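Presented below is the structure to which this report refers.
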Amino acid sequence: MDSFRYLIDGFGIALQPVNLFYCMVGVLWGTVVGVLPGLGPLAGLALLLPLTYQLEAPTAIIMLAGIFYGAMYGGSTTSILLKIPGEAASVITCIDGHEMAKRGRAGPALVIAAVGSWFGGTVSVVGLMLFAPPLAELMLAVGPAGMFSLMVLALVVMSFISAGSALKTFMMIMLGLLLGTVGLDGLTGHARFTFGSLHFVDGVSFVAMAIGLFGVSEILLNLEDVASVKPMRPTLRSLVPNVKDLRDSAPAIGRGTVIGFLFGIVPGISHVVSTFVSYAVERKLSSEPEAFGTGKIEGVAGPETANNATTGSAMIPLLVLGIPAIPATAILLSALMIHGIEPGPQLIPDHPEIFWGLIASMYIGNLILLILNVPLVGIFVSLLRVPYAYLGPLVLAVSVVGVYSVNASSVEIWLMTGFGVVGYLLRKFKFDVAPLLLAVVLGDRIELSFRRSLTISDGDYSIFFRGTVAQVLLGALVFIVLLQAVAWYLGFRKQDLKNVG
Amino acid sequence: MMRFTLAARTGEIAVCAVLLALALYAGIVSAGMPLGTYNLPGPAIFPLALSAILGVGAVARIAWLVARPDEAPGSVAVGHPNIVVAVLALGAVAFALERAGFFLTMVGFLALLYRVLGRGAWWRVALAAALSVAGFWFFFERVIGVVLPRGEFPWL
């Protein structure tokens, strides 16, 4: 009953004109970055993060969350119409979505993707609303030692399930944690790696780093091939799905919701993984699995629902534990901290206006997206007609203004450019930069919780093994590392035997 | 210009070598910070441990790539002229923004990139850049309230 009352209060906040306006700005910008190939939710969030400095905390979070789930909607449009995934989570939609478009059925594919996204996104917000408060109460009992183990577990899980080599991801995490140590030490005030400059006393600018690593590097990669694309434009009449489409996609939407919600809690690239799992499940359960890849609507409905269903559950670790499960929520975390709000178990009791305002805004935002995405699909697609020769420089200019506005200092632009080049090179050689950013956000907090635990226990290291939570987390950590070691060894042996053979 | 192609394996080794150098540097600098005690670690311990792990990781990856030539196949082209121009232009913006002000700097930046990437006539790219910057100024300064630098030319 309390939740219901809080939710009503949340709607009171979300429906304030200023919050409604920024929610619309967020979902529209999210859809735009989702539609534009090469700009994903991360770049979209990073680019608008500096603008939130001028806003109240609830408004800022409402807008940024809108970008996050808006991008998940937008990604499907280009996948279906052009076979160009707007962002990573829409890769799998290209397979059947574009096949449907080639057969003149782009409309139903787009509508089912939008309806599935709305359903998955909304149900996942219900899940967030139901699970987050009791989980936060439970987590209040966990001290710094438990939080330390939890954050280490999150990073270890991410290093194993991220794209590409686990060792390379692990190195990126270490580099991120190391970058996180720049600035004044949180306990003693000792300056670390500041080079005697005041610019680094508070650490390396997170905004410059995020925009550089994701926004600028993305543009630089795209500048290698300034290609023009010719999208299909479905008419409004062709958008209506038939009864068979609805019947076929309904179960896939249901399953995609469950898969997406469950995967959203896992740290790493859960929104991408959930789409692949959903596709595999749909294919496995289908009476005609061989038809997948030729334009099956379940191949669009399941994955598109799953990637949006991760958006609500990905907020659970962020809002309840203060741990971002994916890089996009790391930017939300940084926005909360910029406004002086410490995410974690205390967030819901201390700042109910943020939590419930966000929940209510997600219901509204998902509905706005459904209303916008179907009739306005033509307008979003026409964005692709703006030549990249103009779009790329414009995005760079937005980055410059955004990053400059943080401290009104050109140093931020130098840093952004530097991180842009570093991000470009790392991505060229297939180093995943997302874990780096996540580690930067967590680095300071991991170290502080480690050292605070030792201060509390008077230097007794057994504090990390005491209590059920710590033991469960450490057990999980050891299990995952051992599992990965065995898998790596078996793979290595298999490859060696093949080479010998 | 600066465009060159190198084997993906070589490039990856180079990245790992840079990470190793960074780890060594961070390790040496951390060693000069207060170490604290075993029971109550000081500000040096965390960066020192991270440097060591990063260094070991980089060495392990380099050794792996050297021992297995079939790892990381293919080649990678880096430094496309468009990218070089964009990076240099961003550097120029960082240098000029507070001196020449927002309007002149950004018009120059956008006109250059529009011209290099889009190959339009100079007058057209200059006009497009000026209109874009006017739009930026209206949105950022008037709507959002961001104070943009005027530089030495406050009337602009």
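None of the values given here were measured: they were computed from a predicted structure. A, B, ... follow the sequence lines: proteins, then strands. Residue 1 opens every chain.
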Region of [X] in contact with chain A, defined by heavy-atom distances below 4.5 Å:
X: B/Leu90; result: both
X: B/Ala8; result: backbone
X: B/Ile13; result: neither
X: B/Val76; result: side chain
X: B/Tyr114; result: both
X: B/Ser51; result: both
X: B/Met106; result: side chain
X: B/Ala77; result: backbone

Hey, is the main chain of [Y] close enough, under 3.5 Å, to the side chain of [X] for a donor-acceptor pair?
X: B/Asn82; Y: A/Leu223; result: yes
X: A/Ser453; Y: A/Ala145; result: yes
X: A/Thr194; Y: A/Gly183; result: no

Contact leader toward chain A among [options], where contacts are heavy-atom pairs under 4.5 Å:
options: B/Pro34, B/Ala60, B/Ala23; result: B/Pro34
options: B/Leu22, B/Ile45, B/Leu113; result: B/Leu113
options: B/Ala26, B/Gly118, B/Ala86; result: B/Ala26
options: B/Gly135, B/Ala14, B/Ala44, B/Gly42; result: B/Gly42

Answer with side chain, backbone, both or neither: which region of [X] has an atom nearer than 4.5 Å to a non-hydrogen atom of chain B?
X: A/Arg192; answer: both
X: A/Phe170; answer: side chain
X: A/Ala397; answer: both
X: A/Thr188; answer: side chain
X: A/Leu426; answer: side chain

Taking the six-membered ring for Trp, are A/Tyr404 and B/Phe102 ring centroids under 6.0 Å apart?
no

Counting heavy-atom pairs under 4.5 Å to chain B, which of [options] comes out on top?
options: A/Leu175, A/Leu55, A/Asp458, A/Val216; answer: A/Leu175
options: A/Leu177, A/Leu221, A/Leu178; answer: A/Leu178
options: A/Leu396, A/Leu425, A/Asp460; answer: A/Leu396
options: A/Ile173, A/Val398, A/Leu187; answer: A/Val398
options: A/Thr181, A/Val400, A/Leu394; answer: A/Leu394

For A/Lys428, is there an ion pair with A/Glu224 - N to carboxylate O distance below 4.0 angstrom?
yes

Salt-bridge present (B/Glu12, A/Lys430; N to O < 4.0 Å)
no

Any cation-pi pair here, B/Arg99 with B/Phe95, using under 6.0 Å and within 45°?
yes

Kindly confirm or rule out a cation-pi arrangement of B/Arg124 over B/Trp122, judged by NZ or CZ under 6.0 Å from the six-membered ring centre and within 45° of its axis?
no

Check whether any side-chain heavy atom of A/Leu155 lies under 4.5 Å from a side-chain heavy atom of A/Met151, and answer yes or no.
no

Specify the closest pair of heavy atoms between A/Thr169 and A/Pro435, including all atoms of both residues, with the distance to one decimal.
CG2-CG, 3.5 Å

Do other residues, nucleotides or ligands put more than 12 heavy atoms under 6.0 Å from the CH2 atom of B/Trp123?
no

Which of parallel (below 30°), tilted (30 to 60°) and perpendicular (above 60°) describes A/Phe195 and B/Tyr25?
parallel

Do the rings of A/Phe450 and A/Phe148 sit parallel, tilted or perpendicular, given the 30° and 60° boundaries?
tilted

